[in-house]
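To start, the structure under review is shown below, and the notes come after it.
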Amino acid sequence: MELRFCSTKQYACVVLVASLLALANFSCVLPNSLAHQADELGTRRRRSDEVISIENTDQLIELEQWGNGLLQGITYSRDGKSLMVNSSFGTYQYGVQGMKVVNDFKYVEHYEYFYSPDKSWVAIRLGEDSNVVAISRTDDSIEPIFITHREPIITIAFSPDNEIFVSCSRDGEVKVWQLNDPKLNSIRYFPNVWDMSYSPGGQILAISSGKDILLLLANNFSEYYRLEGHHGKVSAIDFSPDGRFLAMESAENVIAIWGLDRNEIVHEIRASAGYTTISFSDDSKTIGIITDEFLSQPEQLEITVLGVENGKVIHHVEIDKKQGFSKAALSPDHKQLALASNGGRVKFWSMVDDSSETVYLKGFVGIVTSMDISPDGQKIALGSMDGCLQMLGTQTGIIFYDRQTLGYSAIKQVRFSPDGDLLATASKDGNLEVWRVDGGMLLWSTDLFSEASTLAFSEKGDVVAVGTLEKEIRLFQAANGSLLATIQGTAIDFLPEGNAFILGQENGDIAKWGMSTMTPEFLLFRGGGIISAMMLSPNGEFLSVVSMNEQNPGGVRLLRTKDGYSITSLWAVWGTTAVAYSPDSQLIATASQNDNDAIQLWMSSNGYWLSRLLGHDEEITSIAFTPDGRRIISASMDGSIRVWGIP
């Protein structure tokens, strides 16, 4: 069980990634695919100065960062600023900076999509064997244009000046469209076409024709040159951004790179058996190869990045599909990899490495049991069931480091210090460890000889407190691990003013203690059952207490901190696994075992129930609010991290 304490500074957003994923500035909007859920709860936005009450509950709506149906593919725009996500609900265009839904294209049988170079147009092929392609302005300023062929459409392309659109069908019919005044320009025919690519300047259109590549003059489609001598049917071609190279894939998964300035093949690479996609980086220095080994046992994805000039492997990543990820995309600079799962998750990974050796991806694999966000919102710490600690960048999804904690057992708690310099982890086997955030160096560790139950930093960050199942609270000097005090108790949290803390005991008593004297100052509450966890609101006015009693085992009681007045008990909550306050202290979010795939929202001042957020498949282990109070981040035993909206 985890209860999260965060000061006002400590709330931030996450990406997925990473899945995380990229994740302090997640300004999401509600995808149309979730409109049916929004209809149930209402979609009118709440003003920042409007008080939430039981009367306007319908303004609370659910939003998931991804989770827009069954994911079938992901593609970066050429400039890397947008990401197209192809799902069973439609095609969604996300801005990579902030991961906001820019646009959505509600086609049921979409299959593949292409941006125009300036991103003002997007073309969507409506199914693998469809003879229809839809062209739409990305700003929805005009109705989509539907282009039909007699046979299924094989490939499509935009000219670099964004004025021409070309589509080709299985029978070799090529249709040329004028986009500035949408109309059919001309129809041409070429045999055995499988792919097309414009040169960067737009003067040449390369078309695969059987075993050859035809270089056509784009203005009149006359043949300019023919590249011959390939192993078999050419299925994919791509110009490098500088126009010096042309990459192609032919039979038997052979990938050739033509040096156009020297008119010869400079490298040949044999990819693993499977479906292969190729792309040049935006600086033309590397080529990325993504191979979907759908026939292998086990099925896997292979991502390889090679130097164009020397053909040397720079990065090589192997993804076992048993991890849940089945689609991959490389960013245009080849420094980031996006992975998509059929469960609706997208994670981002850094591909940057200074060595020339092969690099294998070490992704976060396993059940997330605890998470916390750094005070500046730039990092997220994840703890797993198998004792793995990982630090991710919230905006980029870049993995700063992977660490295996000393005990190799489940990490029950992770906490950043208020200044963000330190990270404390407490494990099921009793290990308490304090890490330096920059660099991930372990500063000190100690054996508690009992499973950790609670973990908190003082407001100044100079003291770290940990509770155990042996009903002891130990306070340590955060810098060096010196033991300051051992107190009998089951739960602890520090008051915002920094000179006191709240201590809960096994007999149900709750008291305020002074930090300097380490003695109780006054009793807040008496005999409410065995207290297992507590959390103070950011303003220090409210206290959430999780206790065990016959009436409501593991339920949450709300107290007023100044006098210990019992406001209420949250009904229908038992076996609490996570609690979080909104930054303004108005809302409480809870998760519990009796409703283990849902988040419940409540009013702090009176305990009124507001809303229920559904989406996880298994028990929720952690909850956090973002700084503006409009997002909730949750981690679950199902291995996913979700972002929810509270407009």
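Since this is a predicted model, take the numbers as computed values, not measurements.
Electrostatic pairing of Glu173 and Arg150 counts as a salt bridge here, judged by a charged N lying under 4.0 Å from a carboxylate O.
Judged by distance alone, the side chain of Asp292 and the main-chain N or O of Leu301 form no donor-acceptor pair under 3.5 Å. Judged by distance alone, with hydrogens and angles left aside, the side-chain atoms of His149 form no donor-acceptor pair with the main-chain N or O of Val132 at under 3.5 Å. No donor-acceptor distance shorter than 3.5 angstrom exists from the side chain of Ser281 to the backbone of Pro332, with no hydrogens or angles considered. No donor-acceptor distance shorter than 3.5 angstrom exists from the side chain of Ser116 to the backbone of Phe158, with no hydrogens or angles considered. In terms of modelled atom types and a separation under 3.5 Å, the side chain of His267 and the main chain of Ala256 share no donor-acceptor contact. Formation of a donor-acceptor pair under 3.5 Å by the Lys335 side chain with backbone atoms of Leu330 is not found in this model.
Contact record, Pro241 with Ser284: CD-OG, 3.1 Å, taken as the closest heavy-atom pair. Listed here is the closest heavy atom pair of Ala236 and Asp195: CA-OD2, 3.3 Å. Between Gly307 and Ile314, the shortest heavy-atom distance links the atoms N-CD1, 3.8 Å. Here the closest non-hydrogen pair linking Phe146 and Ala134 is CE2-CB, 3.7 Å. Taking every heavy atom of both residues into account, Ser167 and Ile147 meet most closely at OG-CG2, 3.8 Å. In terms of heavy-atom proximity, Leu227 sits nearest to Leu246 at CD1-CD2, 3.7 Å.
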Walk me through it: do Trp177 and Val166 pass the test side chain to side chain contact (heavy atoms under 4.5 Å, CB included)? CA-CA 6 Å; Trp177 278 73; Val166 183; over 6 Å; no

Please report the C-alpha distance between Val305 and Ile287 in whole Å, then the side-chain angles of each, then the deciding distance to 0.1 Å, and finally whether the side chain to side chain contact (heavy atoms under 4.5 Å, CB included) criterion is met. CA-CA 6 Å; Val305 178; Ile287 185 168; over 6 Å; no

Full working for side chain to side chain contact (heavy atoms under 4.5 Å, CB included) between Ile269 and Ile257: CA-CA 9 Å; Ile269 306 105; Ile257 302 176; 4.3 Å; yes

Step-by-step side chain to side chain contact (heavy atoms under 4.5 Å, CB included) determination, Leu179 to Glu163: CA-CA 5 Å; Leu179 287 178; Glu163 294 184 358; 5.6 Å; no

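Residues Leu216 and Phe190 form a side-chain contact, since some pair of their non-hydrogen atoms from C-beta on lies under 4.5 Å apart. Counting heavy atoms from C-beta on, the side chains of Met371 and Leu382 come closer than 4.5 Å. At least one side-chain heavy atom of Phe239 sits less than 4.5 Å from a side-chain heavy atom of Ile204. Side-chain contact between Phe221 and Leu205 is present, with heavy atoms from C-beta onward closer than 4.5 Å. Taking the side chain as every heavy atom from C-beta outward, Ile145 and Trp121 approach each other to under 4.5 Å. Residues Tyr224 and Leu214 are not in side-chain contact: their nearest non-hydrogen atoms beyond the backbone lie 4.5 Å or more apart. Residues Leu337 and Ile303 are in side-chain contact: their nearest non-hydrogen atoms beyond the backbone lie under 4.5 Å apart. The shortest side-chain heavy-atom distance between Asp238 and Phe280 falls under the 4.5 Å cut-off.
Here the straight-line distance linking atom CG of Leu260 with atom CG of Asp242 works out to 9.5 Å at 0.5 Å rounding. Taken to the nearest 0.5 Å, the OG atom of Ser208 stands 11.0 Å off from the CD atom of Glu249. With values rounded to the nearest 0.5 angstrom, Gln178 atom CD is found 4.0 Å from Ile164 atom CD1. Atom-to-atom distance recorded for Glu223:CD and Leu217:CG is 10.0 Å, nearest 0.5 angstrom. Atoms NZ and OG, from Lys175 and Ser169 in turn, are 8.0 Å apart once rounded to the nearest 0.5 Å. Atom CZ of Phe245 and atom CZ of Arg262 lie 5.0 Å apart (nearest 0.5 Å).
Side-chain contact annotation: Asn263 with Tyr225, donor-acceptor N/O pair under 3.5 Å present.
Evaluation of the salt bridge (Lys or Arg N to Asp or Glu O under 4.0 Å) rule for Asp261 yields Arg244 as partners, not counting sequence neighbours.
For residues 180-192, no pair satisfies salt bridge (charged side-chain N to carboxylate O under 4.0 Å, His left out), with sequence neighbours left out.
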